[in-house]
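See structure below.
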Amino acid sequence: MVEMASSMGDLKGFRINDLAYFDILQFANDTILIRDGSWDNLWCFKAILRDFELASNLRVNLNKSLLLGFNLDSDFLQAGSSFLNCEIGSSSFVFLGIPVGINPRRREVWKPIVSKLRRRLGGWQNIHLSNDGRVVLLNSILSSILIFMFSFYKAPKAIIKEIILLQRSFLWGGDEVKKNICWIGLG
């Protein structure tokens, strides 16, 4: 429906240059529609969402939807959110678990990831595991959290050092209070 509305000229797309043109980003039930800020586009969005509801017999939950605007008048955004019956979002948001619109060089961005690792390790801290079990746990479960985030952003060195310290401490059976001897040095 979005492609048809675009080809008919009802939706005016967002073009960065002649080679880069954004239309729609979708994955499973998450959708980002990217357009110029105009009343014509808002009317078309509303019609497309209503047509989708009628065709699929599903309901679009606009309470979970956000209207984002960049370089747009705040009055237009407020009126648009009232018209679409959704909230106004901020310039940074989460899409498919990845923060968008953030500065990945800032340590504050990585604090939730480090906290998540700390919580996961805390649950396993008092359980007696062999060194092999600890390695499997670190490689299979905890590293997947990091790999997903690292596939999008490069972490600051201080955050990487903090993560390595957490992993080493867990591997060698200590915690942040009680330090055990690490039998392998960092090169």
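- Ring geometry for Trp39 versus Phe76: interplanar angle over 60°, hence perpendicular rather than tilted (30 to 60°).
- Atom CD of Glu87 sits in a sparse spot, with 12 or fewer heavy atoms from other residues, nucleotides or ligands closer than 6.0 Å.
- A donor-acceptor distance shorter than 3.5 angstrom exists from the side chain of Trp110 to the backbone of Pro104, with no hydrogens or angles considered.
- Using a 4.5 Å cut-off on side-chain heavy atoms (C-beta onward), Gln78 and Ser74 make no contact.
- In this structure, the side chains of Leu146 and Ile113 come closer than 4.5 Å at one or more pairs of heavy atoms.
- Looking only at distances, a side-chain donor or acceptor of Tyr153 sits under 3.5 Å from a matching main-chain atom of Pro99.
- Salt bridge status for Glu108 with Lys111: absent, with no side-chain N to carboxylate O gap under 4.0 Å.
- Note on Leu66 and Leu77: separate hydrophobic clusters, where clusters join Ile, Leu, Val, Met, Phe, Trp and Tyr whose side-chain heavy atoms are under 4.5 Å apart, directly or indirectly.
- Here the CG atom belonging to Leu84 is positioned 8.0 Å from the CZ atom belonging to Phe45, to the nearest 0.5 angstrom.
- With contacts defined as side-chain heavy-atom distances shorter than 4.5 Å, the pair Asn61/Lys64 qualifies.
- When the shell of 6.0 Å around NZ of Lys116 is examined, it contains 12 or fewer heavy atoms from other residues, nucleotides or ligands.
- Using a distance-only test at 3.5 Å, with no hydrogens or angles considered, a donor-acceptor pair links the side chain of Ser151 to the main chain of Phe148.
- Not one N or O on the side chain of Arg107 forms a donor-acceptor pair closer than 3.5 Å with the backbone of Ile159.
- Taking a cutoff of 4.0 Å between a charged side-chain nitrogen and a carboxylate oxygen, Glu162 and Arg118 qualify as a salt bridge.
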